[in-house]
There are 2 protein chains.
Amino acid sequence: MAATIGDVARLAGVSRSTVSYALTGKRSISEDTRARIQEAIEELGFTPNAGARALATSQTNVLGLYLQFEEDEFAPAMLQYVLPVSSEAREHGYDLLMVTDPDLEGAVRRTTSSAMVDGVVLLDVTFDDPRLGPLREATQPAVLIGYARNGEGFDSFDLDFGEAARMAVDHLGTLGHRDLALITPPRHVYERGGSYAWRFRDAAIERAARYGMRITTHYGDSRQPGIEAVLDRALSDDSSPTALILHNDATLAALPSYLNARGISSPGDLSVVGLFSHEFGQAFSLPFTSIETSPDQLGRQAVLQLLKRLAGGGSLEAPRARFVEPILVDRGSTRSAL
Amino acid sequence: MAATIGDVARLAGVSRSTVSYALTGKRSISEDTRARIQEAIEELGFTPNAGARALATSQTNVLGLYLQFEEDEFAPAMLQYVLPVSSEAREHGYDLLMVTDPDLEGAVRRTTSSAMVDGVVLLDVTFDDPRLGPLREATQPAVLIGYARNGEGFDSFDLDFGEAARMAVDHLGTLGHRDLALITPPRHVYERGGSYAWRFRDAAIERAARYGMRITTHYGDSRQPGIEAVLDRALSDDSSPTALILHNDATLAALPSYLNARGISSPGDLSVVGLFSHEFGQAFSLPFTSIETSPDQLGRQAVLQLLKRLAGGGSLEAPRARFVEPILVDRGSTRSAL
DNA sequence: CTGAAAGCGCTTACAG
DNA sequence: CTGAAAGCGCTTACAG
């Protein structure tokens with residue numbers, strides 16, 4: 001049906017190998033021949049068959065992107081990671097196979113061992129990520145967005161959640177706040193091993209303790225009415241916090257409405273610091289001071305590192321975890337506690 | 001490196017063709033032989049090479065999903081369409097190539113003519129969609145999620161936006177409202193040809209006129225502070241509307257916060273009907289009566305129709321546009337105008 | 001019920 | 001600068 005390299009060769013009056021070399025640029029071709037080939041390609045509307053090329057070169061020019069999410073996950077934030085990965089990949093000539101199969105391990109094994117992809121990008125990484133098993137068997141390099149305890153041997157990129165927590169606590173401490181409330185990701189995130197949840201919470205607690213601040217922590221919910229119930233509880237606590245730290249997307253999205261409904265003004269009655277990206281803040285019209293999570297940067301850096309592995313060179317440094325520095329963006333939702 | 005069908009054949013003591021037939025199930029194999037092959041496959045951890053199989057069968061078992069979005073698009077809603085498409089595809093043995101290349105036409109041409117995909121799903125379809133050109137040249141079947149004027153010859157699935165508008169107007173009309181305000185998608189959606197924008201607005205205007213209701217329409221924004229400015233304008237209009245119809249994701253997300261900030265209660269001071277999905281409402285904690293947009297249903301039906309085309313059978317009916325019926329979900333944000 | 005062989009459409013040493 | 005040929009790992013008529 002579609003034109004093949006043989007059709008092009010015939011029309012241009014050259015051999016198939018010459019057409020191939022013209023395509024790949026792997027050896028020099030006379031100007032005249034190249035022109036004839038180019039003409040033939042355009043006349044026939046020829047595009048090399050991807051399967052055939054993959055078979056011959058053992059390269060697909062496709063990267064696999066593996067998502068993972070719970071039934072009740074707050075999905076809107078995920079696209080922030082997917083899009084930069086896709087863009088960066090394409091800018092370097094790679095397409096993206098997006099895998100959302102609930103059978104995580106099977107999907108990784110199937111797509112890598114059938115050589116559908118040249119490399120792997122893991123999203124929503126958990127502390128003990130089951131996908132790393134099949135990934136170790138795979139011949140393709142992989143990169144994780146997130147942090148896994150069993151991630152030795154892999155490149156990974158994640159926000160420095162500990163530092164993010166310290167920045168938030170420090171910021172409020174400097175303003176004189178002594179009683180903080182922290183709303184964390186939902187309990188199930190801890191249970192399934194989302195390490196960012198602990199890393200942030202533990203660092204916040206430790207930092208607060210060092211300064212002699214009180215801090216109460218509360219599992220957030222991802223749905224109403226749970227979201228409001230948790231906020232009610234957190235704010236009506238005996239310690240009556242003067243500042244709120246939010247590490248929970250769904251709660252952040254609902255907060256403006258909640259505050260207004262309860263007649264709480266920020267920063268007037270309550271200082272607020274959230275952990276979220278610029279994009280997320282824009283989408284949800286969040287007027288809160290934030291610690292930037294930089295999904296765009298994480299996604300793009302991860303892809304670039306993966307491409308480095310693919311390019312090989314042998315002299316690459318050993319795979320390791322890298323942490324992106326959080327940045328505090330002041331949007332005026334905090335003020336002095338006095 | 002990886003085991004091939006030849007390795008399996010050798011280990012099982014049969015020919016490569018027999019292994020292949022065991023794999024595809026296209027001819028009967030003796031119980032004994034099948035068992036030996038199965039054993040060999042497991043021992044070697046064999047998975048058929050996808051490129052080789054694609055080359056031999058002209059089938060990749062991959063579907064292409066093509067996204068399209070503007071720089072300032074409100075992205076969070078998009079995943080609602082992507083995930084069901086991915087799930088439905090996988091449930092039928094297909095993987096998903098997700099394409100976000102800004103060169104829309106080039107990406108469609110490249111991926112179809114190189115036979116990377118067996119079929120095409122177009123998301124974010126516009127009224128005159130440039131991707132349909134290369135798609136007509138393609139040998140693969142395609143399905144659109146959305147509606148395109150130049151879409152003849154293609155299956156497409158979309159919400160019946162006209163009916164959705166009529167439902168919203170009728171609902172408010174029955175409650176006695178005579179003055180409505182409608183916030184539409186941003187102006188650029190009209191400019192680039194998002195037909196759902198016109199279809200909804202035109203139907204709303206016509207229906208309101210028929211009942212002798214007044215309706216003002218306003219282009220929504222997708223970012224603050226534009227969002228609030230538009231709301232201010234819409235509500236302070238001379239006609240002082242008693243009800244608000246929202247066909248704008250970003251405005252919907254910001255509305256709870258806006259209403260509370262302005263001290264407007266709903267439905268006390270203002271009746272509100274929005275066009276959004278159940279999922280979207282949950283994610284953003286939206287307490288508004290809605291016309292359900294059913295992205296899950298649209299995505300899954302689109303994939304199923306595409307798979308029908310792929311299965312062929314010849315006796316398929318001609319491709320056509322299909323419209324999903326909207327459903328009104330009463331969440332109590334409307335009340336009698338009297 | 002099974003095998004030998006051709007073919008899918010590319011790439012790439014090997015030769016000249 | 002170019003061509004003939006082998007090979008990538010499968011599938012599938014063709015034979016028996």
Side-chain angles (χ1 to χ4, degrees), chain A residues 1-38 40-41 44-62 93 110-118 139, chain B residues 1-38 40-41 44-62 93 110-118 139:
Chain A
M1 188 78 215
T4 74
I5 203 171
D7 300 325
V8 174
R10 201 171 313 119
L11 188 58
V14 297
S15 73
R16 298 190 306 155
S17 60
T18 301
V19 175
S20 176
Y21 283 116
L23 251 28
T24 62
K26 288 195 177 165
R27 78 180 180 194
S28 48
I29 313 253
S30 76
E31 198 39 63
D32 177 55
T33 314
R34 179 187 303 287
R36 286 213 314 286
I37 290 175
Q38 189 51 40
I41 286 177
L44 295 171
F46 167 76
T47 312
N49 179 284
R53 181 170 266 183
L55 182 56
T57 60
S58 302
Q59 274 214 154
T60 61
N61 276 1
V62 172
R110 181 173 55 80
T111 51
T112 54
S113 71
S114 65
M116 295 181 75
V117 299
D118 292 342
T139 57
Chain B
M1 189 77 216
T4 74
I5 202 170
D7 300 324
V8 175
R10 200 171 313 117
L11 188 57
V14 296
S15 73
R16 297 190 306 153
S17 59
T18 299
V19 175
S20 175
Y21 283 115
L23 250 28
T24 62
K26 288 193 178 167
R27 79 179 180 194
S28 46
I29 312 249
S30 75
E31 199 39 62
D32 177 56
T33 315
R34 180 185 303 287
R36 287 213 314 285
I37 291 175
Q38 189 51 40
I41 287 176
L44 296 171
F46 167 76
T47 313
N49 179 283
R53 181 171 265 184
L55 182 55
T57 61
S58 303
Q59 276 214 153
T60 60
N61 277 1
V62 171
R110 180 173 56 78
T111 51
T112 55
S113 72
S114 66
M116 295 181 76
V117 299
D118 292 341
T139 57

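Note that CG of B:L23 is 9.5 Å distant from CD1 of B:I29, once rounded to the nearest 0.5 Å.
With a cut-off of 3.5 Å on both pairing distances, the Watson-Crick or G-U wobble partner of D:dG3 is C:dC14.
Within the 4.0 Å cut-off from OP1 or OP2 of D:dT2, at least one side-chain nitrogen or oxygen of A:T33 is found. Remark: A:K26 is in phosphate contact with C:dT12, judged by side-chain N or O atoms under 4.0 Å from OP1 or OP2. Contact annotation: B:T18 reaches the phosphate of C:dG3 (side-chain N/O to OP1 or OP2, under 4.0 Å).
If you measure from atom CZ of B:R16 to atom P of C:dG7, you get 15 Å, rounded to the nearest angstrom. Look at CZ on A:R27: it is 8 Å from P on D:dT2, rounded to the nearest Å. Spacing between atom CD1 of B:I37 and atom C1' of C:dC1 amounts to 11 Å, rounded to whole angstrom units. A:R36 has its CZ atom 14 Å from the P atom of D:dC1, to the nearest Å. Straight-line distance from the CD1 atom of A:I5 to the C1' atom of C:dC8: 14 Å, rounded to whole Å. What separates OH of B:Y21 from P of C:dC1 is a distance of 14 Å, to the nearest Å. The separation between A:I29 atom CD1 and C:dT12 atom C1' is 13 Å, rounded to whole Å. One atom, CG of A:L55, and another, P of C:dG7, lie 17 Å apart when rounded to the nearest Å.
The B:A56 side chain lies nearest to C:dG7 when the options are C:dG3, C:dT2, C:dG7. Among C:dG3, D:dG9, D:dG3, the nucleotide with an atom closest to any side-chain atom of B:N49 is D:dG9. For A:S20, counting side-chain heavy atoms from C-beta on, the closest listed nucleotide (C:dT12, C:dG9, D:dT11) is C:dT12.
Checking B:A52 against B:G13, the closest nucleotide of DNA chain C that is more toward the 5' end is the one next to B:G13.
In this structure, A:T24 reaches the sugar-phosphate backbone alone: every heavy-atom distance under 4.0 Å involves primed, P, OP1 or OP2 atoms, never a base. Contact annotation for A:S30: backbone-only contact, meaning every heavy-atom pair under 4.0 Å involves sugar-phosphate atoms and none involves a base. When heavy atoms are screened at a 4.0 angstrom cut-off, A:T57 is found touching the sugar-phosphate backbone but no base atom. Within the nucleic acid shown, A:T4 comes within 4.0 Å of sugar-phosphate atoms alone, with no base atom in reach, counting heavy atoms only.
If you run side-chain contact (heavy atoms from CB on, under 4.5 Å) between A:F46 and each of A:I5, A:I37, A:D7, only A:I5 comes through.
When all heavy atoms of B:G6 and B:R16 are compared, the closest pair comes out as CA-CD, 3.8 Å. Taking both residues in full, the closest heavy atoms of A:T47 and B:S114 are given as CG2-CB, 3.9 Å, listed atom of the first, atom of the second, then distance. Of all heavy-atom pairs between A:S17 and A:R27, the closest is OG-NH2, 4.4 Å. When every heavy atom of A:D118 is checked against every heavy atom of A:T60, the shortest pair comes out as OD1-N, 2.8 Å.
Side-chain N/O atoms of B:R53 and base N/O atoms of C:dG9 include no donor-acceptor pair closer than 3.5 Å. You won't find any donor-acceptor pair under 3.5 Å spanning the side chain of B:S17 and the base of C:dA5, going by distance alone.
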